[in-house]
Amino acid sequence: MSLNRDQENIIKNINGPILVIAGAGSGKTRVITYRIAHMIKEIGIDPSKILALTFTKKAAREMKERISKMISIDELEKITLGTFHSTFSRILRKESHWLGYNPNYTIYDQQDSENVIKKILKDINVDINKTPREIIREISECKNNLYSKSLIKKKKSDSFAKIYEIYTKRCFQSNALDFDDILLYTNHLFLNFPNILKKYQEKFQYILIDEYQDTNFAQNVIIKNLSSKNKNVFVVGDDAQSIYAFRGANIKNILNFHVDYSEAKIFRLEQNYRSTNHIVQASNNIISFNKNQITKKIWTKNENGEIIKIYSALSDKDEAEYIANYIFSVIKKNKSFQYKNIAILYRTNKQSYIIEYYLKKKNIPYKIYGSISFFKRKEIRHLLYYFRVIINPNDEESILYITNKIIKNKNTVKQLIKLSNKKNIYDVIKKIDNYEIFTKKTKEKLKKNFLEIEKFRIKSKILDAYTIAKHIVYFLLELEKNYHYTDFQYILRNIFYYTEEQKKLKKSEDNSLSGFVQYLYVEKDIDEFNNENYEDKVSLMTVHLSKGLEFSIVFITGLEENLFPSRSSISYQYKIEEERRLFYVALTRAQKIAILTYTKYRFLWGKKTKNIPSRFINELHKKFIHIENEKVKHISTLLENKKFLPENSGVIKKGIIVFHKNFGIGTVIKLENFNKIAIVNFMKVGKKRILLQLNKLIIYRK
DNA sequence: ATTCCTTCACGCGAG
DNA sequence: GTGAAGGAAT
């Protein structure tokens with residue numbers, strides 16, 4: 001397939017700032033990859049001058065793969081291509097001394113950060129009514145928006161500012177950065193050291209950014225600084241697919257692009273090449289419910305295709321079984337059809353379990369994406385903590401975790417934490433004999449462990465990542481009798497691949513354990529280990545992870561109020577809009593067939609919950625959908641040929657049709673108690689008394 | 001000092 | 001359902 005005129009035009013405009021607003025399936029990645037190839041092949045731009053940034057590891061890998069088909073490996077290796085975090089983490093490792101950090105710094109994940117906050121809350125007496133998780137979130141918000149100290153005090157509170165300050169200090173002591181620090185410190189670096197900024201401005205003369213709608217303020221500032229000299233910034237985005245607001249993504253970056261870059265040229269890509277006309281129209285229909293959007297008309301020359309199927313399942317088991325049966329018969333009917341063209345999407349990772357069970361039952365090969373469960377496994381965590389402390393002896397979280405496993409006594413650990421508030425924990429353990437508070441036995445254990453780690457540290461300087469990792473695994477198996485070698489096989493195999501790959505690329509400096517850990521945390525998508533992507537398997541993943549991908553058949557599961565849209569989004573209009581964009585992303589993954597499922601009952605949090613269908617199902621116009629097994633009248637039947645009023649634009653009166661977030665669609669039968677209570681007959685749940693002061697009823701039709 | 005047991009809170013997404 | 005936390009029992 002060649003490029004269309006619009007795409008061609010975009011590729012040939014090399015200099016100056018460019019914003020491309022690209023709808024789903026309009027060949028966005030194609031434009032970026034062709035452009036990079038064009039820059040190198042036709043214009044003769046030095047690939048080492050090119051910086052290409054993506055948001056997720058998966059997108060980075062995808063882009064790399066696609067470019068590799070157009071240019072030589074040598075040229076590809078010279079391009080700086082990766083996620084924001086990986087790219088700037090690399091830069092920070094090179095330049096860390098400017099900030100007083102060591103290059104072997106640890107990256108704290110959310111769990112680590114939370115533990116640090118917990119310790120702080122115990123250590124100091126602050127008046128703050130927030131959970132560690134909430135605090136971490138707010139710290140993240142401050143960092144992503146580059147709030148100054150005084151602004152933090154103003155926007156949050158004095159006690160919060162104090163916690164923030166101690167948190168920063170502790171991370172510094174541990175020679176650790178959290179993910180947000182990677183952006184924050186890159187900004188510090190560029191702001192406070194003009195020579196460093198200049199160096200990178202000269203290196204990265206051409207900057208390309210995918211999924212620009214997902215960038216946050218801190219990222220935007222980095223890019224503005226980096227590009228201020230050459231002004232060659234090329235960004236591609238779709239506001240309708242902005243789904244990372246929770247980590248600071250800001251659509252304003254797209255809306256204000258022409259303000260940030262005054263000579264910006266703006267292009268639009270609105271032709272969809274991916275999906276059937278039905279799916280394109282249905283997606284347009286869905287997204288039109290969002291008030292906050294750049295209006296665009298996505299269109300396609302593709303055939304109408306099949307109508308969207310909706311399956312109303314009785315339970316999560318029924319839902320999973322339906323999906324498994326459907327896949328089974330599709331493959332059976334059409335022998336040439338492949339598993340890898342099918343995706344099952346869900347809102348939350350935990351929904352995957354039951355689906356897996358039924359796929360296994362039907363012998364359907366599948367692959368689950370999303371590394372969360374892998375990193376949460378305690379033996380893997382334990383191993384990674386050893387890796388980390390060997391690389392960075394100041395990594396307090398690792399030391400405490402490991403110590404916790406060796407010293408089971410909580411009081412002892414508490415004492416250690418107390419000491420760590422004042423002194424570097426590593427030095428405390430090193431000189432443990434000086435501390436009277438511990439018993440002889442405890443001291444012996446601590447000393448022994450300390451020496452083991454020291455030994456590994458020396459070894460790690462000469463051995464490659466795989467060899468040292470094997471040593472540590474054997475050590476761990478000795479230490480914890482309930483661990484099994486098979487628990488570690490997967491990660492060991494991947495360390496082996498990593499080591500081999502580095503040798504092949506002759507990057508022996510990255511061949512170390514430290515190289516691998518960096519790689520694991522910010523570079524490599526753990527899902528892509530083992531080169532399994534060439535295998536013919538059904539893909540299971542969250543909607544978030546599916547962005548940028550496409551499949552012939554897409555199942556969107558769990559379309560229930562409180563799940564998709566998620567429970568915490570329901571009471572906020574702007575959060576609902578983000579959920580709707582998420583649904584839009586899910587729907588636009590489908591090339592040929594989209595199947596939406598929801599359940600009446602689902603096991604969640606150990607309890608059986610009763611659900612009503614997602615509002616997104618109701619929003620789809622009747623002409624796009626076919627409800628497989630539901631007799632209930634669809635809202636679009638009610639609305640046919642009638643004017644649609646999406647907002648609460650009137651008074652609740654007898655006879656009008658309303659929408660309630662929990663009960664769905666219903667008709668107002670009468671009003672009581674001076675119009676404070678409405679008796680509504682809901683289609684799904686029957687008559688209910690609704691207290692109007694507490695419950696919002698959205699008027700669908702007068 | 002250590003293990004065992006009950007209770008309680010929590011619950012989304014990614015790097 | 002899970003993991004953390006704290007109390008009870010050994």
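Source: prediction; values computed, not measured. Protein chains get the first letters and strands the later ones, always in sequence-line order, with residue 1 at the start of each.
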Identify whether the distance between the nearest side-chain nitrogen and carboxylate oxygen of [X] and [Y] falls below 4.0 Å.
{"X": "A/Arg66", "Y": "A/Glu62", "value": "yes"}
{"X": "A/Lys575", "Y": "A/Glu578", "value": "no"}
{"X": "A/Asp318", "Y": "A/Lys600", "value": "no"}

Take the protein atom [atom1] of [X] and the nucleotide atom [atom2] of [N], then report the distance between them rounded to whole Å.
{"X": "A/Phe564", "N": "B/dG11", "atom1": "CZ", "atom2": "C1'", "answer": "18 Å"}
{"X": "A/Leu545", "N": "B/dG15", "atom1": "CG", "atom2": "P", "answer": "7 Å"}
{"X": "A/His85", "N": "B/dA14", "atom1": "NE2", "atom2": "P", "answer": "13 Å"}
{"X": "A/Lys122", "N": "C/dA5", "atom1": "NZ", "atom2": "P", "answer": "5 Å"}
{"X": "A/Lys58", "N": "B/dG15", "atom1": "NZ", "atom2": "P", "answer": "9 Å"}
{"X": "A/Tyr108", "N": "B/dA14", "atom1": "OH", "atom2": "P", "answer": "23 Å"}
{"X": "A/Asn349", "N": "B/dG11", "atom1": "CG", "atom2": "P", "answer": "15 Å"}
{"X": "A/Asp316", "N": "C/dG1", "atom1": "CG", "atom2": "C1'", "answer": "13 Å"}

* Base, sugar-phosphate, or nothing for A/Lys547, non-hydrogen atoms under 4.0 angstrom? ->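 The residue A/Lys547 makes no contact with any strand.
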* Asked: For A/Phe84, which contact category applies under a 4.0 Å heavy-atom criterion: base, sugar-phosphate, or nothing?
  -> nothing
* Toward the 5' end of DNA chain B, by each residue's nearest nucleotide, A/Ser568 or A/Phe179 ->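 Nearest nucleotide further toward 5': that of A/Ser568.
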* Between A/Phe55 and A/Arg133, which is nearer to the 5' end of DNA chain B once each is assigned its nearest nucleotide? ->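 Nearest nucleotide further toward 5': that of A/Arg133.
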* For B/dG15, does either OP1 or OP2 sit under 4.0 Å from a side-chain N or O belonging to A/Ser89? -> no
Which nucleotide in the list [options] gets nearest to the side chain of [X]?
{"X": "A/Gln110", "options": "B/dA14, C/dA4, B/dC10", "answer": "B/dA14"}
{"X": "A/Lys118", "options": "B/dC12, B/dA14, C/dA4", "answer": "C/dA4"}
{"X": "A/Arg347", "options": "B/dG15, B/dA14, B/dC12", "answer": "B/dC12"}
{"X": "A/Val522", "options": "C/dA5, B/dA14, B/dG15", "answer": "B/dG15"}
{"X": "A/Asp180", "options": "B/dA14, B/dC12, B/dG15", "answer": "B/dG15"}

* With sequence neighbours left out, what residues match A/Lys448 under salt bridge (Lys or Arg N to Asp or Glu O under 4.0 Å)? -> none
* Not counting sequence neighbours, which residues clear salt bridge (Lys or Arg N to Asp or Glu O under 4.0 Å) with A/Asp487? List them please. =>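 Partners of A/Asp487 by the salt bridge (Lys or Arg N to Asp or Glu O under 4.0 Å) criterion come out as none, since no residue qualifies.
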* Asked: Does a distance-only test, which skips hydrogens and angles, find a donor-acceptor pair under 3.5 Å between the side chain of A/Asp109 and the base of B/dG15?
  ->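 Absent.
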* To do: Apply side chain to side chain donor-acceptor pair (under 3.5 Å) to A/Asp112 and list each qualifying residue two or more places apart in sequence or on a separate chain.
  => A/Tyr385, A/Arg388
* Residues that A/Thr168 engages under side chain to side chain donor-acceptor pair (under 3.5 Å), provided they are two or more places apart ->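 With sequence neighbours excluded, A/Thr168 shows a side chain to side chain donor-acceptor pair (under 3.5 Å) to no residue whatsoever.
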* Taking side-chain contact (heavy atoms from CB on, under 4.5 Å) as the test, write out the residues that go with A/Ser174, two or more places apart. =>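 Applying side-chain contact (heavy atoms from CB on, under 4.5 Å) to A/Ser174 gives A/Tyr108, A/Ala176, A/Glu396.
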* Under 4.0 Å protein heavy-atom contact, by nucleotide of nucleotides 1-8 of chain B - B base, S sugar-phosphate only -> SBS-----
